[in-house]
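Report on one structure; see the data block that follows.
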Amino acid sequence: MLWIKALHIVFVASWFACLFYLPRLFINLAQVNADSHDERERLLIMARKLYRFGWVLSLPALLLGLWLWLGFGIGLGIGNYWFHAKLVLVVAVVGYHLACGRLLHAFERFRNHRSERWLRVFNESAVLLFTAIVILVVVKPF
């Protein structure tokens, strides 16, 4: 079980690394001048690759988490409300990743309507999700 936990943590941390950096690329895209075609294309290529790589990392993270839950019973039982809260946040992380995809498609089609400030707040949302999940798992406050 410890190997599964360790691998789960590695893949979750790697997935979040993608989610921390991808919105930063969106901020850079929002700052690109309209006449900087090469810079825009370079940032879009980086964002596309990072978005796809994030999904590649998310699959083992989610599957290993499922294995810990159903295979080893982590989070099962009465009084494990921290685990239910964690599951809600995991669904939010998947939604966040999907939202990154929508933002990427908007930038690809020259249809981004989000301000640089909004993108900066969106960028920090992943940090808040990660922090909340870690606190729930380590501290188990309820």
Side-chain angles (χ1 to χ4, degrees), residues 1-34 36 38-142:
M1 177 176 76
L2 293 178
W3 281 101
I4 305 304
K5 274 186 181 181
L7 289 172
H8 176 63
I9 292 167
V10 166
F11 280 104
V12 168
S14 300
W15 180 22
F16 266 97
C18 290
L19 295 178
F20 293 157
Y21 192 65
L22 186 58
R24 181 65 221 170
L25 290 173
F26 298 150
I27 294 166
N28 292 343
L29 278 163
Q31 295 173 334
V32 169
N33 292 329
S36 298
D38 290 341
E39 182 181 4
R40 183 181 184 283
E41 284 305 309
R42 181 178 48 82
L43 289 169
L44 280 173
I45 288 169
M46 290 171 61
R48 282 186 208 109
K49 288 180 178 184
L50 191 58
Y51 180 71
R52 285 192 302 266
F53 188 58
W55 281 119
V56 168
L57 293 169
S58 73
L59 294 176
L62 293 169
L63 291 173
L64 290 165
L66 193 62
W67 189 355
L68 288 167
W69 178 25
L70 300 177
F72 295 104
I74 291 179
L76 295 177
I78 298 171
N80 287 323
Y81 301 113
W82 66 269
F83 188 75
H84 301 291
K86 179 195 171 198
L87 287 178
V88 169
L89 293 179
V90 168
V91 169
V93 172
V94 172
Y96 183 88
H97 200 152
L98 290 169
C100 285
R102 286 193 298 276
L103 286 168
L104 175 58
H105 293 304
F107 276 108
E108 289 173 331
R109 293 181 176 94
F110 294 93
R111 292 190 177 143
N112 173 51
H113 301 295
R114 302 292 186 182
S115 69
E116 182 184 329
R117 184 175 181 170
W118 186 93
L119 291 167
R120 288 181 185 279
V121 171
F122 181 77
N123 185 30
E124 297 307 320
S125 301
V127 174
L128 296 175
L129 284 169
F130 184 71
T131 302
I133 289 171
V134 169
I135 288 170
L136 285 170
V137 170
V138 174
V139 178
K140 296 178 179 64
F142 46 88

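If you take CD on E39 and CG on L44, they are separated by 11.0 Å, rounding to the nearest 0.5 Å. Taking CD1 of I74 as the start and NZ of K5 as the end, the distance is 4.5 Å to the nearest 0.5 Å. Here the NZ atom belonging to K49 is positioned 14.0 Å from the CG atom belonging to L22, to the nearest 0.5 angstrom. With rounding to the nearest 0.5 Å, the separation of CZ in F16 from OG in S58 is 11.0 Å. Note that the CD1 atom of I4 and the CG atom of L63 stand 11.0 Å from one another [nearest 0.5 Å]. Rounding to the nearest 0.5 angstrom, the gap separating the CD atom in E41 from the CG atom in L29 is 9.5 Å.
Using a 4.5 Å heavy-atom threshold, the side chains of I45 and R48 count as touching. F107 places none of its side-chain heavy atoms less than 4.5 Å from the side chain of R102. Here the side chains of Q31 and I27 are in contact, with some heavy-atom distance below 4.5 Å. Looking at L76 and F83, their side chains never come closer than 4.5 Å, going by heavy atoms from C-beta outward.
Here R120 does not pair with E124 in a salt bridge; the nearest charged N to carboxylate O distance is not below 4.0 Å.
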V93 vs L19, side-chain contact (heavy atoms from CB on, under 4.5 Å): CA-CA, chis, key distance, verdict = CA-CA 9 Å; V93 172; L19 295 178; 3.7 Å; yes
Please walk me through it: do W15 and H97 pass side chain to side chain donor-acceptor pair (under 3.5 Å)?
-> CA-CA 10 Å; W15 180 22; H97 200 152; 2.9 Å; yes
Go through the steps to decide whether L57 and C18 satisfy the test side-chain contact (heavy atoms from CB on, under 4.5 Å), and finish with yes or no.
-> CA-CA 9 Å; L57 293 169; C18 290; 3.7 Å; yes
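The salt bridge (Lys or Arg N to Asp or Glu O under 4.0 Å) search around R114 returns none, not counting sequence neighbours.
Using modelled atom types, one side-chain atom of H8 and one backbone atom of A61 make a donor-acceptor pair closer than 3.5 Å. Judged purely by atom type and a 3.5 angstrom limit, N123 has no side-chain atom pairing as donor or acceptor with the backbone of L119. With hydrogens and angles disregarded, no donor-acceptor distance shorter than 3.5 Å links the side chain of S36 to the backbone of V32.
Heavy-atom neighbours of W67 CH2 from other residues, nucleotides or ligands within 6.0 Å: at or below the threshold of 12. Other residues, nucleotides and ligands place no more than 12 heavy atoms under 6.0 Å from the OH atom of Y81.
In this structure, S125 and Y96 approach most closely via the heavy-atom pair CB-CE1, 3.8 Å.
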Review item, side-chain donor-acceptor pairs of residues 129-142, under 3.5 Å, at least two apart:
unit_1: T131; atom_1: OG1; unit_2: V127; atom_2: O; d: 2.8
unit_1: K140; atom_1: NZ; unit_2: V137; atom_2: O; d: 2.8

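Remark: aromatic rings of F122 and F26 are distant, center separation not under 6.0 Å.
Classified by interplanar angle (parallel below 30°, tilted 30° to 60°, perpendicular above 60°), the ring pair Y51/W55 is perpendicular.
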